[in-house]
Amino acid sequence: MLKYYEDVIVDSPFPVLKKDPISRVQLVKYAGASGDFNPLHTVEEVGQAAGSGIIAHGMLIMGMASQGVTTWIERKYIESIRVRFQKMTFPGEQIHVIGKIIKKIENNRVIGEVKAVNDEGEVKVSGVFEAMLLSKDKEG
Amino acid sequence: MSKVMDLIGLELSPYSYSVDKVKIKEFAEAIGDLNPIYFNEEAARQEGYDGIPIPLTFLQVIDMWGGYSFMEKCHILGLNPVKILHGEQEYKFVKPIYANDVLTVKGKVDEVNIKKGSSGGMNIITLKFEYHNQVNELVAVSTNVTIDRH
């Protein structure tokens, strides 16, 4: 895991986090855990009426993107994350979380990019995060 | 002027909710994030946390379970539940949030934009939420952008 500001290599990709395919049971679990009971995520008829079929919670995909970020950099160093929901995700799709640091800024802070994509590379969620890392200077 | 513009500045009634370690576990498990810091206090302390921390998107739990349900929110904001999309979401963390913290949340409509497009227009509604802990420290701010298609 990335810990020190001095170790950051801008634009070097982090290891890809490959998630299990999204199941309907997972959507039921996420609905209960998050409290988002929009029926579009769990009820077949509502999905049909909407024309899309059942779709995954966007926030579940953001949660997976966040999991990716916190496998690259410890949770406690993350100061913010902002995402844009770009495409619907359907049960059966498998999310890959990719990312890299795009900029080093002052005070040991870095800005990173994170994307959740499917097997075909379609971007479902894209975003940026900011982290404050440690400095080797201050460790001595 | 459209009625939706009247929403700007609308303040939602505050709500409070305690961060429960069982809920953190349930939430992390639903995402499939098995990082031990979310499941075991000892593991979290060994990693330098003062308790079980919340996953980056956990504040959604506080908002949905402690605040307004999806349908209530649609009603307050005059949104059509089958026409809306979650456009963007941001969390900014000011101080750590751990299991057993009690958060009080104040939300308001920060911005409304109306866009016209070839396939019909949309209202873009930005909500901002501030989270204070039990000793009244600001711990996080979230921004939610909802798109309501006409």
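Chain letters run A, B, ... following the sequence lines, proteins first, then strands; residues in each count from 1.
Checked against A:Phe37 for a ring-ring contact (aromatic ring centres under 6.0 Å, His included), the options B:Trp65, B:Phe70, B:Tyr68 give a single hit: B:Trp65.
Interface check for chain A: of the options B:Ile37, B:Val61, B:Thr57, B:Leu56, the most heavy-atom pairs under 4.5 Å are formed by B:Leu56. Taking chain A as the reference chain and counting heavy-atom pairs below 4.5 Å, the highest number among B:Lys23, B:Gln89, B:Glu26 is found for B:Gln89. Highest contact tally toward chain A, considering only B:Thr143, B:Ile147, B:Asp33, is held by B:Asp33 [criterion: heavy-atom pairs under 4.5 Å]. In terms of heavy-atom pairs under 4.5 Å with chain B, the best-connected choice from A:Lys19, A:Met88, A:His57, A:Met59 is A:Met59. Your options are A:Arg84, A:Lys29, A:Gln86, and the one with the most heavy-atom pairs under 4.5 Å with chain B is A:Arg84. With chain B as the partner, the residue from A:Val25, A:Asn38, A:Leu60 showing the most heavy-atom pairs under 4.5 Å is A:Asn38. Of the listed residues A:Pro39, A:Ser80, A:Ala65, the one with more heavy-atom pairs under 4.5 angstrom with chain B than any other is A:Ser80. Counting heavy-atom pairs closer than 4.5 Å to chain B, the top-ranked of the candidates A:Asp36, A:Val128, A:Val28, A:Ile22 is A:Asp36.
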Between A:Val83 and B:Glu88, does a side chain to side chain contact (heavy atoms under 4.5 Å, CB included) hold up when you go through it step by step? CA-CA 6 Å; A:Val83 305; B:Glu88 292 177 36; over 6 Å; no
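The number of heavy atoms from other shown groups lying within 6.0 Å of NZ (B:Lys21) does not exceed 12. Summarising the local packing, CG of B:Asn40 is surrounded by more than 12 heavy atoms from other residues, nucleotides or ligands at distances under 6.0 Å.
Across every non-hydrogen atom of A:Met64 and B:Ile31, the tightest pair is N-CG2, 3.9 Å.
Note on A:Val114 and B:Val145: separate hydrophobic clusters, where clusters join Ile, Leu, Val, Met, Phe, Trp and Tyr whose side-chain heavy atoms are under 4.5 Å apart, directly or indirectly. By the criterion of side-chain heavy atoms lying less than 4.5 angstrom apart, applied directly or through intervening Ile, Leu, Val, Met, Phe, Trp or Tyr residues, B:Val112 is grouped together with B:Leu12 in one hydrophobic cluster. A:Phe85 and A:Ile98 end up in different hydrophobic clusters when Ile, Leu, Val, Met, Phe, Trp and Tyr side chains are linked at under 4.5 Å. Hydrophobic clustering (ILVMFWY, side-chain heavy atoms < 4.5 Å, transitive): B:Leu85 and B:Met71 are in distinct clusters. A single hydrophobic cluster is seen to contain both B:Met5 and B:Ile76, as judged by linkage of ILVMFWY side chains at heavy-atom distances under 4.5 Å, directly or through other members.
With a 4.5 Å cut-off on non-hydrogen atoms, B:Ile54 touches chain A through its backbone and its side chain both. With a 4.5 angstrom heavy-atom cutoff, A:Leu40 does not touch chain B via any of its atoms. Heavy atoms closer than 4.5 Å to chain B are found nowhere in A:Glu130, neither backbone nor side chain. Contacts of B:Phe93 with chain A are made by both backbone and side-chain atoms, with heavy-atom separations under 4.5 Å. If you measure heavy-atom distances from B:Pro96 to chain A, you find no contacts under 4.5 Å at all. Only the side chain of B:Tyr49 comes within contact range of chain A, with heavy atoms under 4.5 Å apart. Of the atoms belonging to B:Val94, not a single heavy atom falls under 4.5 Å from chain A. Both the backbone and the side chain of A:Lys76 come within less than 4.5 Å of a heavy atom in chain B.
Cation-pi contact between A:Arg75 and B:Tyr38: absent, since separation from the ring centre below 6.0 Å together with deviation from the ring axis within 45° is not met.
Put simply, OG on A:Ser34 and CD on B:Gln60 are 4.5 Å apart, with the number rounded to the nearest 0.5 Å. Rounding to the nearest 0.5 Å places CD of B:Glu90 at 10.0 Å from CD1 of A:Ile81.
Salt-bridge annotation for B:Lys92 and A:Glu79: absent, with no side-chain N of the basic residue lying under 4.0 Å from a carboxylate O of the acidic one.
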